[in-house]
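Keep in mind it's a predicted model, so treat the numbers as computed, not measured.
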Amino acid sequence: MNVCPGCGVAHGASHPEMPLAQLPNLGMVSAGWLSAVSLHTFSDLLGLGAVEAFRRVEQAGFKPSLNLLYALEGALHNEHWLETKRHRKQELLARLQVAKEHASR
């Protein structure tokens with residue numbers, strides 16, 4: 001089991017080398033964006049966490065909605081992105097804001 005850098009929870013529902021396009025919540029477009037920023041497998045996503053993966057997609061010039069952030073988090077937790085609890089979404093948004101502020105300095 002690996003521990004997610006974003007939430008500190010051990011994840012292991014998906015095989016480490018599973019392609020991102022095969023994970024719950026992530027379709028071909030999202031997987032393409034992730035591939036463009038050198039994220040190809042569950043292990044790659046797990047190594048960064050949902051927030052950093054989302055930021056890299058944005059920094060590459062893509063225009064993802066926040067649904068991608070929730071989908072990435074859901075993929076890490078092996079749950080549908082709509083099942084991500086409201087408090088968890090608020091925490092993700094707060095971490096994303098901190099990461100963006102930190103990067104702009």
Self-check item: Inter- and intrachain pairs under salt bridge (Lys or Arg N to Asp or Glu O under 4.0 Å), touching residues 24-37, at least two apart
Solution: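 Those involving residues 24-37 do not exist here.
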
Can you tell me how far [atom2] of [Y] sits from [atom1] of [X], rounded to the nearest 0.5 angstrom?
X: His15; Y: Ser43; atom1: NE2; atom2: OG; value: 10.0 Å
X: Glu52; Y: Arg95; atom1: CD; atom2: CZ; value: 10.5 Å
X: Leu23; Y: Leu76; atom1: CG; atom2: CG; value: 8.0 Å

Can you list the residues that meet the side chain to side chain contact (heavy atoms under 4.5 Å, CB included) rule with [X], with sequence neighbours excluded?
X: Leu66; answer: Phe54, Leu69, Tyr70, Leu93, Leu96
X: Ala36; answer: Phe62
X: Ala99; answer: Val51, Arg55

Exercise. Scan for ring pair (Phe, Tyr, Trp, His ring centres under 6.0 Å) pairs involving residues 83-105, sequence neighbours excluded, and state none if there are none.
Key: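 Pairs touching residues 83-105 that pass the test: none.
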
Self-check item: Least distance between heavy atoms, Pro64 atom then Val57 atom
Solution: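 Scanning both residues, the minimum pair turns out to be CG-CG1, 3.9 Å.
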
Practice problem: Determine the minimum heavy-atom distance between Ala53 and Leu72, stating which atoms define it. | Solution: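 Reported closest heavy-atom pair: CB-CD1, 4.0 Å.
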
Self-check item: side chain to side chain donor-acceptor pair (under 3.5 Å) partners of Glu101, counting only residues at least two apart
Solution: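 Counting only residues at least two positions away or on another chain, Glu101 forms a side chain to side chain donor-acceptor pair (under 3.5 Å) with Gln97.
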
Quiz item: How would you list, by chain and number, every residue that makes a side chain to side chain donor-acceptor pair (under 3.5 Å) with Lys100, sequence neighbours excluded?
Solution: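 With sequence neighbours excluded, Lys100 shows a side chain to side chain donor-acceptor pair (under 3.5 Å) to Glu58, given in chain and number order.
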
Check: residues 24-35 side-chain donor-acceptor pairs under 3.5 Å, at least two apart:
| residue | atom | partner | partner atom | Å |
| --- | --- | --- | --- | --- |
| Asn25 | OD1 | Trp81 | N | 3.0 |
| Asn25 | ND2 | Ala71 | O | 3.3 |
| Asn25 | ND2 | Glu79 | O | 2.9 |
| Ser35 | OG | His40 | ND1 | 3.3 |

Exercise. Would you sort out whether Leu20 and Thr41 count as a side chain to side chain contact (heavy atoms under 4.5 Å, CB included), showing the intermediate values?
Key: CA-CA 5 Å; Leu20 292 176; Thr41 65; 5.6 Å; no

Quiz prompt | Among Leu46, Asp44, Leu39, side chain to side chain contact (heavy atoms under 4.5 Å, CB included) partner for Phe42 | solution =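 Checked Leu46, Asp44, Leu39 against Phe42; only one passes side chain to side chain contact (heavy atoms under 4.5 Å, CB included): Leu46.
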
Quiz item: If we only count heavy atoms from C-beta on, is the Lys89 to Glu73 side-chain gap below 4.5 Å?
Solution: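 Of all side-chain heavy-atom pairs linking Glu73 with Lys89, none is under 4.5 Å.
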
